[in-house]
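Below is one structure, written out as C-alpha cells; comments come after it.
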Amino acid sequence: MTDMPASNREAFLQALLDIAAELSSLQDVEAVLMSIVRHARQLMGADMAYISLNDHATGETYIRQSDGVLTSEYRTIRMPIGTGILGLVASGVAPYQTTDYLKDESVPHIAGIDEIVAAEGVRTIMGVPVLVRGRVIGALLAAERTPRVFSPDEVDMVSSLGAHAAIALDNAQKYAQALEDTEALTRRNKESLQEVLSLRRTAEFDDELMHQLLEGKDEEGVLRVTAAALGTSVFLLDELGRAVSMGSPSSAEPVRGTGLQEPISTPGRDLRQAMDSAAGTGRAQPLRGADEHVIGTVAPVRSGRSLMGFLFTSAELASNHQLLLERSAVHCALALLFVQAEEDAQHRMQLDVFEELLSGDPIPAARLDRRLRPWGLTSREVVWIALIRHSQVFERDFQRTLRQMSGTRFLAPAQEDLCVIFTDRNWIQSFESFEESRGMGLLAAVAGPMPDITDLPNSYRQAQAALSVLEYAGQTGIIDSSKVGLVGTVIHLARESPTVDLAAGVRALTEYDETRGTSLSETALKFFDSDRRIDRTAESLFVHRNTVNQRLRTVERLLGSGWDRAPRSLDVHLALRAWWHSSAGGSR
C-alpha cells in the first residue's frame, strides 16, 4: 500500500482495529459481518458493499449482509458459482472487477439477475474471495452506481477486510456446529431445556471441584461441594462399603470417623451388588431395595484400573445429577491420589527421622530441628510416644484418624507396631475414646513425657516392655509404661525367648490356689509389695495378721525356705508380678 495516502492508510488501520475488537467479543456474528461491509463501503467510498456465502450443496453463493443496497431483491441475490461478478469471485480464482457490469460480455450473465442489477442501478462491481484455511467460503464486494476503476491498493484493502470476514465466518461455522452438537445431545438424551442448561452448571461444578482440590488437596472440599450441588448428603465409602467421610448440604464441614452415621439401612448384599455394578461399568448405578425401589446411587471412585472407593448418596438422582456425581468421583479420585502421594512422602521422611532418633547416635540440635520442622517439632519440646499393635495400624484410614487427633506430630512403623509421637497429653484420652467407639481390640502402650525427643530410644524400650505386659496378660486397651516397672522389661525379654516360663518359680503356689480355691499367690505378692510387713499385708488383704502368718507358713512349705530373702526373693517377686499381669489383670 505504498501509493495510498497516509490518511487513507490510517483510516484503514483504524478500521482493522475496530473490526478486530468486534471479533474478539463475538457476541453477534451477523453484527461483525455487518461491520465488515460497513467498513468496506466507507473505506472505498462506495455506494454499497456486501458479503456472500457459498452454498456448495446447491452450487450457489448468496448475499449474507449488505450496506447501501436499496432493493430487497438485490439484498437476497443467489447466484450460481461461476456466473456474474459475484459468482466468479466466489469461485475463488482471483479478485475481479468490472466498470459496467451489464455491458461486460466477459462476465457470464443470467437474465433474471441482470434485471435485479439494473433495478438497483449498479454499474461498477469489485470483489475478492473469502477463504478459510485455503477453502473458498464466499466473497466480499463493493459496488458503484457509476463507472469507476478500483486501484490495486483499494483491492488490497478489501482483501484484508475479506480476511477478517473469513475469521468471522469461520467462527460462525464453529458456533453453528456447537449449536448443532448441543441440539444433537438434547435429542439423544431427550432432556428438557433445563438439562441442556445444566451443561453449563457441570462446567461450573468442575471449576468448583478443582478449586476445592487445589485449596485442600483432599476429598473434604469435593464432598462438601457435591453435597451442596445435589442437595443431599454424599458419603465416601471404601472398597468394602464402609463409610470413610461424609459431606452434608447443611454443614460447612464434612464428617469423619466416629461422627459418621451409617449411609444406608439396607442389607449389605444390596449395596455390594450396586458397587460391583458401578465398578464394572465405571458409571453411577442405582441402589435398589427389596421392592426394586431406588433408594440410593453409587458411583465408582477409581484411578485407571485401580478402584479407590465409591461415592454414595441415599437418593435417586436425575441423569444430570448422576453426571455431577460421576464428575465428583473423578475429582475425589484425584484428591485421594494427592493425599496418598503426600502421605507416602511424609511416611518416608518420618521413617528416616524415626530410625535416626532410635539409633541413639548424637544428632546436632540445629540439624535435628531442621528435620523436625515439617511436623511442628523442635529438639527441645516435651513429647510422648505411643506404640500401637493391631492388624489395621498400617491402613491409611486408621492412620488418617490418628493424624487428626490433637497433638499428633508424626507416625512411623516400628516392626509390627505403629509408633506415634505426640505433644498433648489429651491425646491419650482421644485415643481411648476412639478405641471405645470402634471396639477394635487395640493394644497400645504410652511412654513419657520425654524432656526432649532425643530420649526416644529409652521411651521406646519402655513402651515396648509395657506393650509386652499387655499382650502377656491377654488384654486390650492402652497401658502407661510408668506403671509397669521392672517386670515389664522382664516380660518383654521373656517373650523374645518363648521357652522361658516367668511363673515357673511360683508354679507350686498358683497350682495350689487353682485346685483349692485359696489365695496364697496374692498373699505372697502383697507381702512383697508391703515391704514384707505382716501388718500392712493384712490391711491390704482385709484379713487378720494371724491369717497372713498362717498363709505365709504354707507358702514357705510350698516354695521352700529362703523364698522371701535375697537373692531368691527378687526372682519370686518378679514371678509373682508376672503371674499377676497374666491372670489378675495387671496394673494400668
Side-chain angles (χ1 to χ4, degrees), residues 1 4 9 12-44 46 48-67 75-98 107-108 125-143 150-185 199 203:
M1 297 186 187
M4 183 183 294
R9 285 199 299 272
F12 172 65
L13 292 174
Q14 185 60 50
L16 288 180
L17 289 174
D18 292 343
I19 294 169
E22 292 181 49
L23 284 173
S24 64
S25 59
L26 198 60
Q27 296 297 320
D28 186 343
V29 175
E30 296 300 327
V32 175
L33 295 177
M34 188 65 208
S35 174
I36 291 172
V37 296
R38 184 175 67 250
H39 284 298
R41 182 186 177 196
Q42 291 173 353
L43 287 176
M44 297 299 101
M48 64 184 75
Y50 46 94
I51 190 168
S52 74
L53 292 181
N54 290 348
D55 185 347
H56 294 288
T58 63
E60 297 176 320
T61 187
Y62 62 95
I63 294 177
R64 177 73 170 263
Q65 284 290 353
S66 64
D67 187 43
R75 282 194 296 269
T76 57
I77 285 177
R78 294 185 71 91
M79 180 80 74
I81 296 175
T83 62
I85 295 296
L86 178 61
L88 286 173
V89 175
S91 68
V93 175
Y96 205 97
Q97 68 171 306
T98 180
V107 178
I125 303 175
M126 182 270 291
V128 298
V130 177
L131 297 90
V132 173
R133 294 185 293 274
R135 183 174 62 89
V136 183
I137 63 170
L140 175 62
L141 298 96
F150 290 93
S151 70
D153 286 337
E154 290 174 323
V155 174
D156 287 344
M157 281 194 290
V158 176
S159 295
S160 296
L161 288 175
H164 283 279
I167 295 173
L169 292 174
D170 188 35
N171 287 336
Q173 290 176 339
K174 292 178 179 178
Y175 181 72
Q177 184 62 48
L179 289 179
E180 182 180 341
D181 291 344
T182 301
E183 292 172 358
L185 180 63
L199 294 175

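Because the structure is a prediction, the values reported are computed rather than measured.
Here the side chains of Leu161 and Val37 are not in contact, with every heavy-atom distance at 4.5 Å or above. Between Ile77 and Tyr62, the closest side-chain pair of non-hydrogen atoms is not below 4.5 Å. Residues Gln97 and Ile85 are not in side-chain contact: their nearest non-hydrogen atoms beyond the backbone lie 4.5 Å or more apart. In this structure, the side chains of Ser160 and Met157 stay at 4.5 Å or more apart for every pair of heavy atoms. Residues Ile137 and Leu131 fail the side-chain proximity criterion, which asks for heavy atoms closer than 4.5 Å. Looking at heavy atoms from C-beta onward, Leu141 lies out of side-chain contact with Met126 at the 4.5 angstrom threshold.
Taking both residues in full, the closest heavy atoms of Pro108 and Gly82 are given as CG-O, 3.6 Å, listed atom of the first, atom of the second, then distance. Of all non-hydrogen atoms in Ala142 and Met44, the two that sit nearest each other are CB-CG, 4.3 Å. Residue Thr58 comes nearest to Arg78 through the heavy atom pair OG1-NH2, 3.8 Å, listed as atom of the first residue, atom of the second, then distance. The heavy-atom pair separating Val136 from Pro129 by the smallest distance is CG1-CB, 4.5 Å. Closest of all the heavy-atom pairs between Met79 and Gly87 is CG-N, 3.9 Å.
The OG atom of Ser52 sits 11.5 Å away from atom CD of Glu60, with the distance rounded to the nearest 0.5 Å. Arg135 contributes atom CZ, which lies 9.0 Å from atom CG of Asn54 (distance to the nearest 0.5 angstrom).
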Validation: residues 89-96 side-chain donor-acceptor distances under 3.5 Å, sequence neighbours left out:
{"residue": "Ser91", "atom": "OG", "partner": "Leu88", "partner atom": "O", "Å": "2.4"}
{"residue": "Tyr96", "atom": "OH", "partner": "Ser106", "partner atom": "OG", "Å": "3.3"}

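Looking only at distances, no side-chain donor or acceptor of Ser66 sits under 3.5 Å from a matching main-chain atom of Arg75. Here the side chain of Arg41 pairs a donor or acceptor atom with the backbone of Ala46 at under 3.5 angstrom. Proximity of a side-chain donor or acceptor of Asp55 to a complementary backbone N or O of Ala57 within less than 3.5 Å is detected.
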- Step by step, work out the side-chain contact (heavy atoms from CB on, under 4.5 Å) result for Ile51 and Ile63. CA-CA 6 Å; Ile51 190 168; Ile63 294 177; over 6 Å; no

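No salt bridge links Arg38 with Asp67; every basic N to acidic carboxylate O contact stays at or beyond 4.0 Å.
When Ile81, Ile125, Val107, Thr61 are each tested for a side-chain contact (heavy atoms from CB on, under 4.5 Å) with Leu86, only one passes: Thr61.
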